[in-house]
Amino acid sequence: MKRFISISLERHLIDIQTKIASSVIIADLFSEDLIAGVDQAFMGDMVISGAVTLDFPMKIHELASCTLATSFPYIPGFLSFREGPAAVRAIKALRKRPTLLFVDGCGINHPRHAGLASYIGVVLDIPTVGISKNVLCGSFETPEEVGGVSLLVMDGDKVGYVLKSRKNCRPIVVAPGHLVSVESSLKLVCRFLRNHKLPEPCRLAHDYVRNVKEALRAPNQGGFS
DNA sequence: GCGACAG
DNA sequence: ATCTTGTCGC
């Protein structure tokens, strides 16, 4: 395999992640007043982030997006430096600040306990939960039954869960990002599951960012020009 | 040393 | 993540 960044830059980024991790608080200090989800898409050398806030019946309340030039390659363990900046700006663009944010990516279930969800949570000081479709690190047993859950462990510590959220779908990984306990991260995800593999905040943010991307690729094809 | 490796 | 049609299973 090839190196994408220098040893010195990697060391610097690891320092940043170590600081992020030291700022992370794993405890229930959140409210469910305004739930939100954020997700990113790529088009050429652009990163597009879409943030959505939800209303009571889990419907979209507000949308905001941010498109930036991609400034960092994808390197496992360093995703926050690639997607974090755009995500932070998309969330800041929301008129109402979320009180709980669902992020597509790892939380404390990360080599340095500083995944994208933790990064966004600390930078914005907003409670976050990380949801990923694949395991980056940690050991676990694969749940087979729908609704089945197993602990995700790292060095003897519980850092999250692997959840079989829907039939015929691979299990998803859930972990706290910031200001949410390990137990609550799972309860929250289960509470916002609605017959899909991913919880509504993530699914709606994903749909939204895909629409933003399509609109950028085909300007004026949405009518009213 | 070898393999794994969020999106 | 992204490139992509049909297709198998609920």
Side-chain angles (χ1 to χ4, degrees), chain A residues 1-5 10 13-14 17 20-21 24 37-51 65-88 90 101-121 128-140 142 144-147 152-155 159-178 185 189 193-199 201-203 205-214 216-218:
Chain A
M1 284 297 131
K2 188 176 184 300
R3 286 205 73 79
F4 289 96
I5 56 179
E10 178 174 331
L13 299 181
I14 287 178
Q17 294 186 321
I20 293 291
V24 166
V38 66
D39 188 30
Q40 290 66 243
F42 292 81
M43 189 172 71
D45 61 350
M46 302 300 276
V47 199
I48 306 163
S49 180
S65 67
C66 172
T67 298
L68 300 174
T70 300
S71 59
F72 199 81
Y74 168 66
I75 302 175
F78 297 88
L79 183 67
S80 60
F81 300 106
R82 179 176 171 76
E83 305 191 350
V88 166
L101 176 68
F102 284 62
V103 179
D104 274 67
C106 295
I108 60 171
N109 53 330
H110 176 277
R112 292 164 290 285
H113 309 294
L116 180 61
S118 297
Y119 174 90
I120 293 174
T128 59
V129 174
I131 296 84
S132 38
K133 307 168 204 65
N134 292 288
V135 180
L136 171 60
C137 59
S139 58
F140 63 98
T142 302
E144 301 294 348
E145 311 295 322
V146 174
L152 180 61
V153 178
M154 276 180 72
D155 300 307
V159 295
Y161 300 90
V162 176
L163 164 70
K164 176 78 174 176
S165 61
R166 181 188 173 156
K167 57 187 173 183
N168 281 61
C169 283
R170 292 175 51 206
I172 60 177
V173 188
V174 180
H178 184 44
S185 68
V189 166
L193 275 177
R194 217 166 108 165
N195 209 210
H196 286 283
K197 174 176 181 175
L198 297 173
C202 292
R203 195 179 65 80
H206 188 268
D207 284 352
Y208 171 53
V209 79
R210 291 292 303 191
N211 290 332
V212 172
K213 174 177 175 175
E214 186 50 45
L216 289 176
R217 173 158 49 192

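Order of the sequence lines fixes the chain letters, A, B, ..., with proteins taken first and strands second; residue numbering starts at 1 for each chain. This is a predicted model, so every value here is computed, not measured.
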| request: Using whole Å, report how far CG of A:Leu79 lies from C1' of C:dT2. | output: 15 Å
| query | Separation of A:Tyr119 atom OH from B:dG7 atom P, in whole Å? | reply | 18 Å
| Is A:Tyr74 stacked on the base of C:dA1, meaning ring centres closer than 5.5 Å and planes within 30 degrees of each other? | no
| Does a nitrogen or oxygen in the side chain of A:His206 sit under 4.0 Å from OP1 or OP2 of C:dA1? | yes
| field | Integer-rounded Å distance: C:dA1 P and A:Asp104 CG | value | 8 Å
| Quick one: is C:dC3 close enough that its OP1 or OP2 comes under 4.0 Å of any side-chain N or O from A:Arg217? | yes
| query | Between atom CE in A:Met154 and atom P in B:dA4, what is the gap in whole Å? | reply | 19 Å
| Atom CZ of A:Arg203 and atom CG of A:Asp104: how far apart are they, to the nearest 0.5 Å? | 12.5 Å
| task | Ignoring the backbone of A:Ala41, work out which of C:dT2, B:dA6, C:dC10 is nearest its side chain. | result | C:dT2
| said: Using side-chain heavy atoms (C-beta onward) and a distance below 4.5 Å, is A:Thr70 in contact with A:Arg82? | reply: yes
| Base, sugar-phosphate, or nothing: which does A:Gly130 touch, judged by heavy atoms less than 4.0 Å apart? | nothing
| Please give, in whole Å, the distance from B:dG7 P to A:Arg170 CZ? | 9 Å
| said: Nearest to the side chain of A:Asp39, heavy atoms from C-beta on, is which of B:dG7, B:dC5, C:dG9? | reply: B:dG7
| field | Spacing of A:Phe4 atom CZ relative to B:dG7 atom C1', expressed in whole Å | value | 14 Å
| How close do A:Ala90 and A:Cys66 get, heavy atom to heavy atom, and via which atoms? | N-CB, 3.7 Å
| Counting side-chain heavy atoms from CB outward, which of C:dC10, B:dG7, B:dC5 is closest to A:Pro76? | B:dC5
| query | Are A:Tyr119 and A:Glu83 close enough that some pair of their side-chain heavy atoms sits under 4.5 Å apart? | reply | no
| said: Considering every strand and a 4.0 Å limit on heavy-atom distances, what is the contact class for A:Phe72: base, sugar-phosphate, or nothing? | reply: nothing
| note | Here the distance between atom P of B:dG7 and atom CG of A:Asn109, to the nearest Å, is 10 Å
| message | With heavy-atom distances below 4.5 Å as the criterion, would you say the side chains of A:Thr142 and A:Lys164 are in contact? | response | no
| said: Taking the side chain as everything from C-beta on, heavy atoms only, tell me whether A:Met43 gets closer than 4.5 Å to A:Leu216. | reply: yes
| message | Check this one for me: any side-chain N or O of A:Lys133 less than 4.0 Å away from OP1 or OP2 of B:dA6? | response | no
| query | Taking CE from A:Met43 and P from C:dC3, how many angstroms apart are they, rounded to a whole number? | reply | 10 Å
| task | For C:dC10, take OP1 and OP2 only and decide whether either is under 4.0 Å from a side-chain N or O of A:Arg166. | result | no
| query | Any side-chain N or O of A:Asn134 less than 4.0 Å from the OP1 or OP2 oxygen of B:dC5? | reply | no
| query | Does A:Lys213 have a side-chain nitrogen or oxygen under 4.0 Å from the phosphate oxygens OP1 or OP2 of C:dA1? | reply | no
| task | Identify which nucleotide among C:dG9, B:dA6, B:dG7 has an atom closest to any side-chain atom of A:Arg82, counting heavy atoms from C-beta outward. | result | B:dG7
| message | From the set C:dA1, C:dC10, B:dA6, return the single nucleotide nearest to any side-chain atom of A:Ser132. | response | B:dA6
